[in-house]
Every structure is written in C-alpha cells, then in structure tokens.
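Take a look at the structure below.
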Amino acid sequence: MIQYIIRRLIHTVFVVLAISLIVFFSIRLTGDPVAIMFQAGEPTKEAIEEVRENLGLNEPLIVQYGIFMKQLITFDLGESFRSGLPVSTMIAERMGPTVLLALGGILVAILIAFPVGILSAVKRGTAVDFFGRIFSLLGISFPNFWLGIMLIIVFAVQLQWFPASGYDGWKSLVLPSIALGMILSGILARLVRSSMLEILNQQYISTAKSKGIKDWVVIIRHAFRNALIPTTTFLGIQFGSLLGGTVIIEQVFSWPGVGRMIIDAINQRDYPVIQGGVIVLAMLMILVNLIVDLSYSFLDPRIKVGGSDK
Amino acid sequence: MEEPILKVENLEVGVKKDTGFMNIVNNISFFLKKGETLGIVGESGCGKSMTSLSIMDLTPASVSLKSGKILLKDKDLTAMRKNERRKVRGKEIAMIFQEPMTSLNPVYTIGYQIVEMIRNHQNMTKKQAYQHALNMLQLVGIPRADEILHEYPHQLSGGMRQRVMIAMVLSCSPEILIADEPTTALDVTIQAQILELMKSLQEEMNMSIILITHDLGVVAEMCDRVVVMYAGEIVEESEVHELFENPKHPYTKGLLESLPDVDEDREYLSSIKGTVPSPSEMPEGCRFAPRCAFASEKCQEDPPVFRVNQKSSCKCWLFEDSTAE
C-alpha cells in the first residue's frame with residue numbers, strides 16, 4: 001500500500017512536468033500580455049520595454065521556462081503580472097470557495113440521485129421508475145447556467161430566501177450548490193439505477209432475501225452497498241472536474257472560485273496565475289483520483305490496491 | 001401415515017402476458033414428510049426451480065402465483081401477508097442455490113453474513129451469534145473456522161462456499177431445506193462431500209429436504225421419494241427404488257435409459273427425441289405425447305394422475321386400468 005502510494009506520487013511528478021510544459025508554451029501563443037496592459041493609452045516604446053524587462057519576458061523562452069521550473073520546485077508560483085500578489089496566496093484564497101462549492105454540488109447530487117436511482121431500480125417499470133427516469137433526463141439536458149439564473153430569479157429575487165450572489169456564509173452556498181448538484185444528479189441517478197438493476201439480479205440478492213431479512217435491508221445493505229463501488233469512481237472523477245469546471249456557475253453566482261480566477265487571468269494574459277492555477281488544479285485532480293483508488297480497497301474487499309498481499 | 005410437513009396443492013405459477021396467463025407450473029401437487037428427502041427431477045425449464053422459488057416466495061417480479069395452496073403444517077403460506085411470509089423464510093424453510101460462487105455477498109465477511117441470518121431470527125447478542133456461527137462452520141467441516149469467519153467469500157473455493165451456505169441456512173435450524181441443484185457447479189469429488197454433509201446434517205437436525213436436480217445419480221444417492229416433472233407438470237411420483245427398478249411414465253423411462261450403464265458397451269447413449277415444448281406452444285392433451293413412443297389417440301386428452309400402486313402414481317393413459325386416484 002505505502003509502496004503503491006509512493007509510486008503514484010512519483011507518477012504525479014511526471015504529470016505535473018508535462019502539464020507545465022503544455023501550459024507554459026500554449027499560453028505564450030495567445031498573445032502579448034504587455035500589449036493588453038497598455039490597450040487603453042498610447043505607451044512609449046521605452047515604457048513597453050521596461051515592463052517587458054521587469055516581467056522577465058525579454059529572456060529567451062527556454063530560459064523563462066527554466067526560471068519557472070526552478071521556482072516551481074521550491075513551490076514558488078511567482079507573482080501576478082497584474083496585482084503583483086504571490087500566485088500561491090491568490091490560489092489559497094480562492095481554493096476554499098471552490099472546494100466548498102464542489103462539495104456542496106456533490107452533496108446535493110447525492111441527496112437527490114441516491115433515492116431517485118434506488119427507487120427507480122427497485123420499482124422498475126412502474127410510475128416511480130418513469131418519473132425517476134424523466135427526472136434524470138431533465139437533469140442531464142438542462143444547461144446549468146439557465147438553472148442557476150432560474151434559481152436566482154425564484155429563490156433570491158422573488159422569495160428572497162437566499163442571496164443571489166457572492167460568498168458570504170452558508171446561505172450563499174445553497175443556490176450555486178443546487179444548480180451544480182441538479183445537473184450532476186441526473187447522470188448520477190442513471191448510474192445508480194443501472195448499477196442497482198445489475199446487482200438486484202445477482203444470486204447473492206436472492207440469498208439475502210431467502211434469509212428472511214427485510215426488503216429495504218436487502219436493498220440498502222446488500223444491493224446498494226455494492227452499487228457504491230462504480231458510483232464512487234464516478235463521483236471521484238466528477239469532484240476533480242468540478243474543481244476546475246464550475247466556471248459557469250461561479251460566473252452566474254459571482255462565486256470567488258479558482259475557475260473564475262483562471263478565466264480572468266487568461267483574458268489578461270496573466271501568465272503566472274494561469275500556470276499556477278492549472279498546475280494546482282491538476283495536482284488536486286491527481287490527488288482525488290488517488291484517494292478514490294485507495295477507497296476501493298475499503299469498498300470492495302476483492303480489490304487489493306497495489307496487488308500486494310497473497 | 002404421519003401428516004406431511006409441507007403440502008403443495010394444485011399450484012399454478014406463470015407469467016401475465018397480453019395474450020393471457022402463461023403457465024410455467026401447471027396444477028402440481030406433492031407433499032413432503034418430516035425427515036425425508038424428496039427429489040424433484042426434470043430437464044431445465046420444466047418448472048422445478050420455479051416451484052421451489054414459489055415455496056420461498058422468491059419468484060421474479062414478472063412471475064406470479066395464479067392458484068393453489070402451499071401448506072406448511074397447517075398454515076397456508078399463500079394466504080400469508082408478505083411480512084409473515086418473510087419470517088418463514090430462513091427460519092422454517094431455508095434454501096441453498098446452484099451457484100456457490102455468487103451466492104454470498106462479496107463485500108461482507110462470512111461471519112457477518114451468517115450472523116445477519118442468525119440475529120434476524122433469533123434473539124442473540126452479537127457475541128453469542130458469532131459463537132453460534134463459529135459452531136455452525138465447524139459443524140459443516142470447515143477447517144480453521146475461526147479465521148474463515150473474518151474472511152471474504154472470494155478467499156474461499158466453490159466447495160467451501162457451498163459449505164458456508166449450508167452452515168448459514170442451517171444456523172436457524174429450519175425444518176425444511178430446499179436445495180436447488182446444490183452440487184451442479186462443483187467438482188465431482190466435492191459433490192460427493194457436500195451430499196454426504198447434507199445427509200448427515202439432515203439426520204442430526206431431523207430436517208426434510210427438497211432436492212432439485214437433473215442428476216439421477218444424485219437422486220439415487222440422496223432421495224427417499226421422487227417427483228418427476230415435465231413441461232410444468234408432475235408426470236410421475238414414486239419411491240426412489242420403485243422409480244429406478246420399475247419406472248412408469250414413458251418420460252421417466254426415457255430419462256433412465258439415457259443414463260450410461262457400466263455393464264453395457266454402447267457407443268452412443270440413448271436420448272429422448274425432440275425438445276421440451278415452450279410454455280407458449282404447449283400441445284393439447286398430454287404434453288409429452290409428441291415425443292412419446294407409446295402415444296395413441298387417447299393422448300389428445302389430458303390424462304389424470306393414476307395411482308399405480310402403493311409406491312407410485314403416474315400421469316399417463318397407459319395406467320388407466322390401475323385404480324384412478
């Protein structure tokens with residue numbers, strides 16, 4: 001197990017190296033940051049040169065990359081071209097809201113999708129299943145920005161139960177979490193339903209029933225417990241992509257997350273912020289996947305992580 | 001004769017279709033005495049598994065009971081509420097299945113699954129239940145039972161898993177054990193051990209067994225009485241010696257002839273011509289007639305069950321002259 005984790009962490013180093021290469025060079029194809037900075041006025045050539053010199057943009061690309069990597073090894077992500085703040089501080093500030101929103105979204109998705117998926121499977125072919133499947137389809141088909149705006153109109157503007165935007169206490173977390181979770185719950189409910197259907201046909205479910213235990217105990221303890229294995233994989237991957245992929249929701253709700261920060265940085269060609277943001281997200285994603293992989297051995301005793309033992 | 005412990009009367013089980021009710025099990029009746037082993041024999045698809053699942057109330061959702069009674073002593077199981085019926089399962093009637101490899105839940109330990117069964121029906125503390133589970137594992141001859149208790153199903157072989165299943169279903173001392181092809185999926189040597197084990201536990205616990213199988217060798221080894229099923233009907237019911245020495249129904253004869261004989265040197269085994277009709281295309285009258293070498297005009301009409309002698313009865317016009325039941 002320990003050996004496995006170490007091996008995975010070594011992989012991580014190579015992945016980060018590859019990502020840093022791609023990000024570093026690709027953003028430099030998008031245009032000159034200094035030109036954007038001076039969009040408004042008519043700068044002198046000297047002024048432009050001075051800024052370029054200060055930001056280290058006059059060095060050859062390969063040297064710039066070298067400097068970037070050297071800093072990265074010491075966990076120094078550089079400073080923002082725009083604000084001059086250390087990128088690590090900026091990310092640290094934004095990471096909290098992002099993780100919170102991702103967790104909120106997943107929580108909402110679980111609360112909706114687990115009951116819907118389980119009921120759909122158990123009551124297969126009945127009205128319950130029909131509505132469950134319609135619900136999943138709606139969840140999958142809704143554009144999430146539309147849902148977000150609808151939620152704001154109904155619950156923030158009309159009813160004024162929750163704030164429409166911003167990041168201020170748990171109340172402000174509710175609407176964006178629902179917007180995010182509803183979309184996710186559609187896919188999740190389908191996954192839970194199909195896994196449950198497959199498992200309910202297994203012989204050990206007949207065995208469990210033949211023991212005379214209550215129906216819901218059979219469904220939850222024997223069937224759903226097994227359906228958790230594919231579900232956890234899905235949620236793990238989703239959590240990773242939610243960290244970086246909630247941009248639209250963050251935009252709609254003015255949520256101060258990492259996704260929005262990176263989008264802003266791209267618009268402004270703020271190289272260090274883009275690089276830092278992408279690399280930190282990538283590392284988080286790898287970490288989450290590692291945790292998901294490790295969780296298998298707890299969920300499914302047949303899986304021994306790392307192929308050790310026996 | 002003592003009162004049978006289980007009586008199945010005119011049981012009809014089938015699937016509701018747009019075109020009407022399609023019978024899988026057609027009007028069958030049989031009984032089971034205390035301490036005896038009743039074999040239910042027949043080809044796959046003859047309804048023997050569906051019969052046992054009906055007794056357990058474990059039929060698939062699409063299958064329903066149309067009519068008939070299942071009497072456990074004097075209680076009619078079919079008249080019971082779902083919840084009462086559930087309490088019978090495992091406590092009074094227990095069942096083991098064909099596939100020991102997939103019969104146990106892969107994510108729980110052996111001990112957990114046995115204890116779940118015990119605590120469901122008996123008022124025991126966790127500790128007592130684990131002790132009882134350990135005793136049961138030792139009873140079915142599992143080595144290092146105290147370790148196995150904490151292991152998962154995938155760590156055991158098929159034969160071991162079937163032993164665990166037996167230990168589990170017998171942990172609440174059921175009066176009836178239904179074994180649906182319990183040894184079909186196992187190696188021949190393991191088969192013999194499992195059958196031996198079931199036999200000795202049956203004596204020890206004074207339990208009745210319904211053994212569902214297509215293997216006549218197993219029947220000869222284990223059973224006191226046999227019910228032969230064909231296309232959803234019981235065609236013959238007989239004591240086991242009588243069945244092998246003096247089979248009545250042409251179908252039973254065909255089954256026995258298809259067994260290899262050590263003394264005889266034959267290149268091919270004989271077989272019954274044709275195939276089992278599907279439930280949607282059942283022939284009128286006797287269902288075996290189209291494949292039967294003795295079929296006559298009379299077989300257009302559905303034969304009743306004739307009691308041939310003290311030991312056997314048969315659903316075939318050939319025995320019309322015997323006193324009808």
Just to verify, which of A/I237, A/L184, A/L101 counts as forming a side-chain contact (heavy atoms from CB on, under 4.5 Å) with A/L242?
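Considering A/I237, A/L184, A/L101, a side-chain contact (heavy atoms from CB on, under 4.5 Å) with A/L242 is found only for A/L184.
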Please examine the side chains of B/M136 and B/L139, heavy atoms only from C-beta on, and report whether any two atoms are closer than 4.5 Å.
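Yes, side chains in contact.
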Do B/I40 and B/S52 make a side-chain contact, defined as non-hydrogen atoms from C-beta onward lying under 4.5 Å apart?
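Answer no - side chains too far apart.
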Donor-acceptor pair, side chain of [X] and main chain of [Y], under 3.5 angstrom:
{"X": "A/W255", "Y": "A/I249", "answer": "no"}
{"X": "A/S120", "Y": "A/G117", "answer": "no"}
{"X": "A/T207", "Y": "B/S103", "answer": "yes"}
{"X": "B/K17", "Y": "B/M22", "answer": "no"}
{"X": "A/Q238", "Y": "A/I106", "answer": "no"}

Pair B/E151 + B/R144: basic N to acidic O under 4.0 Å
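A salt bridge is present here (some side-chain N lies under 4.0 Å from a carboxylate O).
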Which one wins on heavy-atom pair count under 4.5 Å against chain A: B/N105, B/N120, B/L53?
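When all of B/N105, B/N120, B/L53 are compared, B/N105 has the most.
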According to the side-chain hydrogen bond (donor to acceptor under 3.5 Å, both in side chains) rule, which pairs have a member within residues 172-199 of chain A, sequence neighbours left out?
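Passing the test, one end in residues 172-199 of chain A: A/D129-A/R193.
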Between A/R124 and chain B, with a heavy-atom cut-off of 4.5 Å, which part of the residue counts as in contact: side chain, backbone, both or neither?
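Interface part for A/R124: neither.
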A/Y296-A/T232 side chain donor-acceptor pair, cut-off 3.5 Å:
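A/Y296 vs A/T232: no donor-acceptor pair found between side chains.
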Positions in [range] that reach chain A, provided some heavy atom is under 4.5 Å away:
{"range": "residues 165-185 of chain B", "result": "B/M165, B/M168"}
{"range": "residues 122-130 of chain B", "result": "none"}
{"range": "residues 74-100 of chain B", "result": "B/R86, B/R89, B/G90, B/M95, B/F97, B/E99"}

Heavy-atom pairs under 4.5 Å with chain B are the metric here; pick the option from A/R225, A/K209, A/R221, A/Q202 that has the most.
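Highest number of heavy-atom pairs under 4.5 Å: A/R221.
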Most chain B-contacting option - heavy-atom pairs closer than 4.5 Å, from A/V217, A/L299, A/D300, A/N226:
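The residue among A/V217, A/L299, A/D300, A/N226 with the greatest pair count is A/N226.
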Nearest 0.5 Å, what's the CG-CD1 distance between B/L58 and A/I205?
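Between B/L58 CG and A/I205 CD1, I get 12.0 Å after rounding to 0.5 Å.
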Would you say that more than 12 heavy atoms from the other residues, nucleotides or ligands in this model lie under 6.0 Å from the NZ of B/K199, or not?
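Yes.
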Got a sec: does the CZ of A/F298 have more than 12 other heavy atoms crowding it under 6.0 Å?
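Open: at most 12 neighbouring heavy atoms sit under 6.0 Å from CZ of A/F298.
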Identify the heavy atoms of B/K34 and B/N206 that sit nearest to each other, and give their distance.
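The answer is NZ-O, 3.3 Å.
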So what's closer than 4.5 Å to chain A heavy atoms on B/M117: side chain, backbone, both or neither?
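Both parts, backbone and side chain.
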